[in-house]
Amino acid sequence: LFLQRNSEIMERLTNAENGVNQLTGENGLPVWEIRLNGYICHVYEFGAHITKFEQPHGLDLLMLSNQAIFNNSTAIRGGVPICFPQFADTGPLSQFHGFARNSIWKVERVISDDQGLMVGVEFVLNYDGSGEYESEFVLSCVVVLDASVNEGVVSLVQELKIKKISEGDLRFTAALHSYFNVPVQQSRVVLKGSSFENVEYMDKVDNSLRKLWPDQDIHFEGEFDSVFNVGNIFQGFTIFGLEGKQINVDVEGFDNLVVWNCGPEKKVSQLIEGDWKTYICCEPAIALTPKILGEENEYTLKQTIYLQDC
């Protein structure tokens, strides 16, 4: 990535058809709009939270709840919440999914390249270790629209870089809790370069029992909450369920895939009756075994999302 700080560059990007604008979002919260070749991405400073990845024909690949709360304290329902330094309750923190998604991030820089193939924003969260989580770290989240990754389409690239600052080990779990705008009853998830058949998973609906998945792909109806231990074969996944289209997600640095839908009976905040039908959560994660940073003080997590014809 070619990173630029110059104020004149910033002015050019915010006035171009392809570029970056800081807007006033829901409930007056600051949101950054990234535009490239008709594709649009929105990222809130609260949580460095991606809430939109709209295609030129108007389809948003991400589901954002109509009941989502924007108040700088409650995690936004939908889009891509960042779960860090803890996924769910798999750690010492009392706050479910950690505190990154409930924090206000600093805008570090605007990103572009000389060829006009990439544009985005970097957000940074500095944590001094004074709270419930004792390790000091810097968390960087780069969000770009990139026309150079996959020919003919613009991809949404989200890169999370963890840098340990304090002495001693930094122990964390994490997830990019992505809500995809695909009707769950029509959806099917396929593992890139492999199969889900006989992959071990933790079934959180069934007392977190460890099981082996019986099919090549993932499909279900009703409540589903499972963590798949795909390990070093995890290159990404593909979601089917949109007519004539497929959502591709390439990943780096993750060991697990979390697949979740609340189903028709479970009550979830910021969702109303019937919303369960409209989404599937497929979350690249480090969830079953924590990652430990010791002498190596940096680690990078990355997902690239793009739409293609089936």
Side-chain angles (χ1 to χ4, degrees), residues 1-25 30-62 79-80 82 100 104-126 138-163 176 178 192 235-236 245-254 284 297-309:
L1 301 179
F2 182 70
L3 306 178
Q4 301 179 318
R5 294 175 179 270
N6 188 291
S7 60
E8 294 180 3
I9 298 293
M10 178 65 180
E11 182 178 359
R12 174 174 61 81
L13 286 172
T14 55
N15 289 306
E17 182 177 351
N18 293 337
V20 177
N21 274 301
Q22 184 182 25
L23 306 177
T24 300
V31 60
W32 290 77
E33 181 178 81
I34 306 167
R35 292 169 283 108
L36 184 65
N37 301 345
Y39 295 76
I40 303 172
C41 174
H42 283 177
V43 193
Y44 278 78
E45 293 179 13
F46 177 68
H49 194 127
I50 301 171
T51 58
K52 177 193 288 287
F53 180 33
E54 186 176 297
Q55 310 297 286
H57 47 73
L59 173 68
D60 193 340
L61 298 193
L62 300 176
V80 187
I82 297 172
I104 298 174
W105 295 51
K106 172 189 172 185
V107 175
E108 180 72 6
R109 64 191 93 190
V110 169
I111 300 165
S112 71
D113 70 344
D114 290 333
Q115 291 76 42
L117 297 174
M118 178 192 305
V119 65
V121 182
E122 180 181 11
F123 302 84
V124 171
L125 178 64
N126 291 281
V138 176
L139 193 59
S140 163
C141 179
V142 172
V143 181
V144 298
L145 294 180
D146 193 335
S148 68
V149 178
N150 297 286
E151 187 174 354
V153 298
V154 169
S155 301
L156 171 61
V157 182
Q158 182 180 22
E159 183 179 274
L160 201 65
K161 183 170 288 187
I162 303 108
K163 184 176 182 180
L176 298 178
S178 310
K192 285 195 171 188
Q235 303 171 18
K245 301 289 184 180
Q246 63 187 48
I247 299 175
N248 296 295
V249 183
D250 300 333
V251 304
E252 297 176 21
F254 296 98
N297 66 346
E298 291 188 4
Y299 194 79
T300 299
L301 301 167
K302 184 177 180 180
Q303 72 171 353
T304 301
I305 303 170
Y306 54 102
L307 187 70
Q308 287 184 323
D309 295 333

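Scope of the values below: all heavy atoms of this structure, side chains included, with no hydrogens, waters or symmetry mates.
Asp60 pairs by the salt bridge (charged side-chain N to carboxylate O under 4.0 Å, His left out) definition with nothing, not counting sequence neighbours. Considering only residues two or more places apart in sequence or on other chains, Gln303 meets the side-chain hydrogen bond (donor to acceptor under 3.5 Å, both in side chains) condition with Gln158, Ser178. Considering only residues two or more places apart in sequence or on other chains, Glu45 meets the salt bridge (charged side-chain N to carboxylate O under 4.0 Å, His left out) condition with none of them. Evaluation of the ring-ring contact (aromatic ring centres under 6.0 Å, His included) rule for Tyr39 yields no partner, not counting sequence neighbours. Taking Lys106 as the reference, Glu108 meet the side-chain contact (heavy atoms from CB on, under 4.5 Å) condition, with sequence neighbours excluded. For Glu54, the side-chain hydrogen bond (donor to acceptor under 3.5 Å, both in side chains) criterion is met by Lys52, not counting sequence neighbours. Here Thr300 pairs with nothing under the side-chain hydrogen bond (donor to acceptor under 3.5 Å, both in side chains) rule; sequence neighbours left out. Taking Glu151 as the reference, nothing meets the side-chain contact (heavy atoms from CB on, under 4.5 Å) condition, with sequence neighbours excluded. Every residue two or more places apart in sequence or in another chain was checked for a side-chain hydrogen bond (donor to acceptor under 3.5 Å, both in side chains) with Asn297, and none qualifies.
In this structure, Asn150 CG and Ile305 CD1 are separated by 12.0 Å, a value rounded to the nearest 0.5 Å. Remark: Lys163 NZ to Leu139 CG distance equals 13.0 Å, nearest 0.5 Å. For the atom pair NE2 (His57) and NZ (Lys245), the distance works out to 5.0 Å, reported to the nearest 0.5 Å. In this structure, the separation between CD1 on Ile50 and CG on Leu156 is 4.5 Å, given to the nearest 0.5 Å.
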Full working for side-chain contact (heavy atoms from CB on, under 4.5 Å) between Val119 and Val20: CA-CA 7 Å; Val119 65; Val20 177; 3.6 Å; yes
Leu301/Ile162 under side-chain contact (heavy atoms from CB on, under 4.5 Å): CA gap, chis, key distance, verdict: CA-CA 8 Å; Leu301 301 167; Ile162 303 108; 4.1 Å; yes
Audit row: Val107, Phe123, side-chain contact (heavy atoms from CB on, under 4.5 Å) steps and yes/no: CA-CA 5 Å; Val107 175; Phe123 302 84; 3.8 Å; yes
Criterion side-chain contact (heavy atoms from CB on, under 4.5 Å) on Ile111 and Met118, from CA distance to verdict: CA-CA 8 Å; Ile111 300 165; Met118 178 192 305; 4.3 Å; yes
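Nearest heavy-atom pair, Ala48 versus Ile82, reported as atom, atom and distance to 0.1 Å: O-CD1, 3.8 Å. For the pair Tyr306 and Val154, the tightest heavy-atom approach, listed with the atom from each and the gap, is CB-O, 4.3 Å. Here the closest heavy-atom approach between residue Ile34 and residue Val143 is recorded as CD1-O, 3.6 Å. When all heavy atoms of Leu160 and Leu176 are compared, the pair lying nearest together is CD2-CD2, 4.4 Å. Between Pro56 and Asn37, the closest heavy-atom pair is CG-O, 3.9 Å. The shortest non-hydrogen separation linking Gly236 to Val251 is N-CG2, 3.7 Å.
Between the side chain of Asp250 and the backbone N or O of Thr304 there is no donor-acceptor pair closer than 3.5 Å. When atom types are taken as modelled, the side chain of Trp105 and the backbone of His49 share no donor-acceptor pair closer than 3.5 angstrom. Side chain of Asn21 to backbone of Glu33: no donor-acceptor contact under 3.5 angstrom is found.
Here the side chains of Val157 and Val142 are not in contact, with every heavy-atom distance at 4.5 Å or above.
Residue Lys192 qualifies as enclosed at atom NZ: its count of foreign heavy atoms under 6.0 Å is above 12.
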